[in-house]
Amino acid sequence: MRTRSQKKTKQMARILTYFVLVIAAVICLFPFIWMVSTSFKPMSDIYSMPPTLIPKHGTFENFVEGWKGANFQLYFKNTAVITFLATVGTVLSSSVVAYGFARFQSRLSKILFMVLLGTMMLPTQVTLIPQYLLYYKLGVVDTIWPLIIPSWLGGGAFNIFLFIQFFRTLQRNWMRRQRLMVQIPCRFSQGFCFRQ
């Protein structure tokens with residue numbers, strides 16, 4: 001049974017902990033709050049001394065000027081296209097490669113799996129210049145294709161590794177019964193994935 005002094009000490013420690021956390025949260029959030037506040041200030045209020053947190057004359061003019069200053073419609077379109085194509089490519093190609101690793105065994109399976117793990121340990125900076133030279137020779141520098149093509153060619157070692165672990169958790173009989181890829185209208189992927 002705890003004594004009163006122990007309960008009081010624990011309560012004081014908890015109050016002190018919350019106090020320190022609140023102070024740290026205010027310090028971390030203040031730049032964000034200042035940024036939002038400044039976005040509603042006219043130019044004259046931004047440089048006024050002493051600075052004020054709450055704008056004297058709030059305005060949406062900065063947002064209008066910012067929207068006019070850049071082609072955000074193009075940016076949003078590029079983001080949507082790249083994200084969609086890269087995600088679809090990553091899921092499809094990673095799942096096919098991972099299914100092969102998880103379900104089919106050959107003499108080279110372990111060696112290829114070790115090579116896959118080795119590529120996960122390779123820093124990105126090591127492949128940066130060779131990738132640029134490859135894309136330069138293909139003529140796709142300054143286009144969206146270097147952001148999309150790699151996802152359709154395996155989807156990355158980490159994604160393949162995640163899918164391998166997932167496929168290994170599924171029982172073989174369950175996989176055969178369910179025929180996971182029946183819904184996909186691509187006969188090639190059905191035949192490739194389930195022919196054993």
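The basis for the numbers below is simple: all heavy atoms, side chains too, and nothing from hydrogens, waters or symmetry mates. Everything numeric here is computed off the predicted structure, so don't read it as measured data.
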Backbone of Val91 reached by a side-chain donor or acceptor of Asn159 within 3.5 Å: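 A pair under 3.5 Å: no.
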Heavy-atom donor-acceptor pair, Ser94 side chain to Gly154 backbone, under 3.5 Å: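 Yes: the side chain of Ser94 pairs with the backbone of Gly154.
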Distance-minimising heavy-atom pair for [X] and [Y]:
X	Y	answer
Phe167	Ala102	CB-CB, 3.6 Å
Thr83	Thr87	O-OG1, 2.6 Å
Gly155	Ser93	N-OG, 3.5 Å
Ala157	Thr119	CB-OG1, 3.4 Å
Met120	Phe161	SD-CB, 3.9 Å

Donor-acceptor pairs under 3.5 angstrom involving side-chain atoms of residues 17-39: please list them, not counting sequence neighbours.
unit_1, atom_1, unit_2, atom_2, d
Thr17, OG1, Ala13, O, 2.8
Trp34, NE1, Thr38, OG1, 3.3
Ser37, OG, Leu53, O, 2.0
Thr38, OG1, Trp34, O, 2.7
Ser39, OG, Val36, O, 2.6

Hydrophobic cluster identity match, Val140 and Leu128, side-chain contacts under 4.5 Å: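 No; Leu128 is not reachable from Val140 via cluster members.
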Joint cluster assignment, Tyr75 & Phe84, ILVMFWY side-chain distance < 4.5 Å: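 Per the 4.5 Å side-chain linkage, Tyr75 and Phe84 are not co-clustered.
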Gap between atom [atom2] of [Y] and atom [atom1] of [X] - 0.5 Å precision:
X	Y	atom1	atom2	result
Phe40	Asn62	CZ	CG	9.5 Å
Gln165	Ile160	CD	CD1	12.5 Å
Lys8	Gln11	NZ	CD	8.5 Å
Ser95	Phe166	OG	CZ	10.0 Å
Ile144	Ile82	CD1	CD1	5.0 Å
Thr143	Leu138	OG1	CG	9.5 Å

Transitive ILVMFWY cluster of Val126, excluding itself - 4.5 Å side-chain cut-off: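 Its cluster partners, ordered by chain and number, are Leu122.
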Set of side chain to side chain contact (heavy atoms under 4.5 Å, CB included) partners for Leu108, sequence neighbours left out: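 Testing Leu108 for side chain to side chain contact (heavy atoms under 4.5 Å, CB included), a comparison that skips the adjacent residues, returns Ser106, Ile111, Leu112.
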All side chain to side chain contact (heavy atoms under 4.5 Å, CB included) counterparts of Thr9, not counting sequence neighbours: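 Applying side chain to side chain contact (heavy atoms under 4.5 Å, CB included) to Thr9 gives none.
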Set of ring-ring contact (aromatic ring centres under 6.0 Å, His included) partners for Trp67, sequence neighbours left out: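 Scan of Trp67 (ring-ring contact (aromatic ring centres under 6.0 Å, His included), adjacent residues dropped) gives Phe72.
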Within-4.5 Å side-chain heavy-atom neighbours: Tyr99 and Phe163: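 Not in contact.
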Side-chain heavy atoms of Thr90 within contact of Trp152, under 4.5 Å: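 When only atoms from C-beta onward are counted, Trp152 and Thr90 do not touch, as no gap falls below 4.5 Å.
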Row check, Phe113 ring normal vs Arg168 NZ/CZ: under 6.0 Å, within 45°: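 Pair Arg168/Phe113 counts as cation-pi.
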Neighbour count >12 (heavy atoms, 6.0 Å) for atom CD, Gln73: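 12 or below, so no.
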Audit row: Leu116, Ile164, side chain to side chain contact (heavy atoms under 4.5 Å, CB included) steps and yes/no: CA-CA 11 Å; Leu116 175 77; Ile164 289 171; 3.9 Å; yes
Pairs touching residues 126-151 that satisfy ring-ring contact (aromatic ring centres under 6.0 Å, His included), sequence neighbours left out: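 Qualifying pairs, neighbours excluded: none.
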